[in-house]
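First the structure, in the form of structure tokens, and then the observations on it.
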Amino acid sequence: MGRVSERRDESAERSPNPRRFGVLRSWKTAPYLIGSGTAMMGDNIEHVITYWVLWQEFESPALVGFQLISHWLPFLLLSVYAGSLAERFDCRRLIQIGQVMFMFVSLCWGILFLTDSLQLWQACVLLVIHGLAGCLWGPAEQMMLHDFVEREELPSAVRMNATFRSLGILFGPVVGSALLLAFGPTWGIFINIVFYLPLTIFLMRTPFTGHTRSGGVRTARTTLVQSLKVLAEVRHNKSIIGMLLLAALASMTIGAVLQTAMPVFGDILTGPGGDSDFTYGLLLFALGAGGVLGGFFLEATGWVRPTPAAAAVAAAGLGASSVVFAFTSHLWLALSVLVLAGVCKITAEATEMAIIQLEAPSEIRGRVIGSYATFGPGMQTFSGVTVGVLGTIATIPQAVTIGGTVLAVGAIGIGAYAVTGRGR
């Protein structure tokens, strides 16, 4: 009887239907997810405080553009190489290095604010270091998920990780604004260092390295040029290529465009005598809340499986909801559609990453994850160009409409490509 019960337990653990929120019930994974969320909150708090100070100090539109470029360009150029480093080294240490870089940048901002000695070149250097820290953090963070859970629970872990990061993105601006008002920019940025500590400390205690299940680190060195050849190794896997194309299309068409263009829609959707700043805040909150609610809803229901078709439908839904949002003149409908857009966004991104994690060969998993960061966050470097060019030719709402339409139609085509003739 003992052997029979053991077999039943083993079969239950290997079930293709893992228990809902299982990763949050485990002390192995829950602190990691919470730490990632608080670190992402610290990232966004820093943006709120420093961007406000930089505008007050310099009032430079060129610096505003550099803020976006310095944040996303490292993902575009160096994510694959960061993935290569995640294959070769202990992922815990890489993440900790990234967190220390974040803390160092916040500390430097605070010292410069305190001494009133901030100069333009110093701001540019700190912005670049901040972008490099995020680039180094990304692939190693995803590699750790593969260690924390069994293969059957990996989609759930990816989904919950994305949800907690969305929580950080949602509440980071709120907490950042509160710190700015309550303590001022100097002490607010010093306090921000605390948000990076939970993840850093937890990684001192966990035994997982990102390589426990794969059998060890890869010893061969990879140059920056060699790391880019990873796409040639997965070119026959249509699931992976399809997810990379979906991520690139979403980033270049919608990407950060919705957030960038939100002040314009705040003015459009504000009635006579209304407060456009308040409307702007509502719109941003609705988009962020959709991502958080969508992540928890998907985990609770288990309706969406990690398939290319599901990722393509979610991406198409993001495009379609963006089009509806651009057309509407009613605030309540705009808020509802933005919540739906947030749900579609997190569904697409979490499904894409789960497929990348499941399909990537273990020996090149880090570089494949890095490729996804290149095609996803990295391509957001160009989203500002997209909305700028289209917004100049037409209007901002028309630019969002065009981008959403291209995403919806393109996602269906990419989904058809990824689903038919799938091969490794």
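- Going from atom NZ of K28 over to atom OG1 of T206 covers 9.0 Å, rounded to the nearest 0.5 Å.
- Put simply, the side chain of V313 does not reach to within 4.5 Å of the side chain of T347, judged on heavy atoms.
- Between the side chain of E359 and the backbone N or O of I240, no donor-acceptor pair lies under 3.5 Å.
- With hydrogens and angles disregarded, no donor-acceptor distance shorter than 3.5 Å links the side chain of Q380 to the backbone of S251.
- At least one donor-acceptor pair under 3.5 Å links the side chain of T38 to the backbone N or O of G35.
- T374 has its side chain out of reach of F75: every pair of non-hydrogen atoms, C-beta onward, lies at least 4.5 Å apart.
- In this structure, CD1 in I69 is found 13.5 Å from CH2 in W72, a value given to the nearest 0.5 Å.
- Looking at M143 and D147, their side chains never come closer than 4.5 Å, going by heavy atoms from C-beta outward.
- Interatomic distance, OG1 of T351 versus CZ of R305, reported as 11.5 Å (0.5 Å rounding).
- T405 is linked by a side chain to side chain donor-acceptor pair (under 3.5 Å) to nothing, counting only residues two or more places apart in sequence or in another chain.
- Within the 3.5 Å criterion, the main-chain N or O of T212 finds no donor-acceptor partner in the side chain of H146.
- Annotation for S79 and A373: closest pair OG-CB, 3.4 Å, computed over non-hydrogen atoms.
- Heavy-atom neighbours of R205 CZ from other residues, nucleotides or ligands within 6.0 Å: at or below the threshold of 12.
- Checked against a 6.0 Å centroid threshold, the rings of F113 and W187 do not count as neighbours.
- One finds a salt bridge joining R165 and E141 here, because a Lys/Arg side-chain nitrogen approaches an Asp/Glu carboxylate oxygen to under 4.0 Å.
- Environment of CZ in F21: crowded, with over 12 heavy atoms of neighbouring residues, nucleotides or ligands closer than 6.0 Å.
- Considering CH2 of W109 and CD1 of I193, their distance stands at 13.5 Å, rounded to 0.5 Å.
- The nearest pair of heavy atoms linking A334 to L269 is CB-CD1, 3.6 Å.
- With H211 contributing its side chain and F89 its backbone, the two residues share a donor-acceptor pair below 3.5 Å.
- Contact between P185 and V53 at its shortest, heavy atoms only, is CB-CG2, 3.5 Å.
- P308 places none of its side-chain heavy atoms less than 4.5 Å from the side chain of I414.
- Listed by chain and number, the residues in a side chain to side chain donor-acceptor pair (under 3.5 Å) with Q122 amount to none (sequence neighbours excluded).
- In this structure, V23 and V149 have side chains that are in contact, with non-hydrogen atoms separated by less than 4.5 Å.
- What you find for M243 and I356 is that their closest heavy atoms are CB-CD1, 4.1 Å.
- In this view, R365 satisfies the salt bridge (charged side-chain N to carboxylate O under 4.0 Å, His left out) rule with no residue, not counting sequence neighbours.
- Between M160 and L24 the shortest heavy-atom distance is SD-CD1, 3.8 Å.
- Around CZ of F190, the count of heavy atoms belonging to other residues, nucleotides or ligands within 6.0 Å exceeds 12.
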Yes or no on side-chain contact (heavy atoms from CB on, under 4.5 Å) for I34 and F202, after CA distance, side-chain angles and deciding distance? CA-CA 10 Å; I34 295 172; F202 170 75; over 6 Å; no
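- Aromatic rings from F208 and Y32 are positioned such that their centres are separated by 6.0 Å or more.
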Run the side-chain contact (heavy atoms from CB on, under 4.5 Å) test on V128 and F66 for me, step by step, so that the C-alpha distance in whole Å, both residues' side-chain angles and the decisive distance to 0.1 Å come before the verdict. CA-CA 9 Å; V128 170; F66 184 79; 3.8 Å; yes
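- With T253 contributing its side chain and G404 its backbone, the two residues share no donor-acceptor pair below 3.5 Å.
- Enclosure of atom CZ in F327 is not indicated, since only 12 or fewer non-hydrogen atoms of other residues, nucleotides or ligands lie within 6.0 angstrom.
- P173 places none of its side-chain heavy atoms less than 4.5 Å from the side chain of L284.
- Atoms OG and NZ, on S321 and K345 in that order, are 11.5 Å from each other to the nearest 0.5 Å.
- Under the 30°/60° scheme for interplanar angles, the aromatic rings of H47 and H71 are found to stand perpendicular.
- Y51 and Q67 share no donor-acceptor pair across their side chains, judged by distance under 3.5 Å alone.
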Residue pair V158, Q142: steps toward the side-chain contact (heavy atoms from CB on, under 4.5 Å) verdict: CA-CA 8 Å; V158 171; Q142 293 294 333; 4.3 Å; yes
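- L136 and A82 make their closest contact through CA-CB, 4.3 Å (heavy atoms, listed as atom of the first residue, atom of the second, distance).
- Counting non-hydrogen atoms of neighbouring residues, nucleotides and ligands closer than 6.0 angstrom, the CZ atom of F104 reaches no more than 12 such neighbours.
- L331 has its side chain within reach of L283: a pair of non-hydrogen atoms, C-beta onward, lies under 4.5 Å apart.
- Distance check, rounded to the nearest 0.5 Å: CG of N192 to CG of N44 gives 9.5 Å.
- Side-chain atoms of W137 and L199, non-hydrogen and from C-beta on, do get closer than 4.5 Å to each other.
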Please lay out, stage by stage, how L197 and M103 fare under the test side-chain contact (heavy atoms from CB on, under 4.5 Å). CA-CA 9 Å; L197 291 176; M103 288 186 276; 3.6 Å; yes
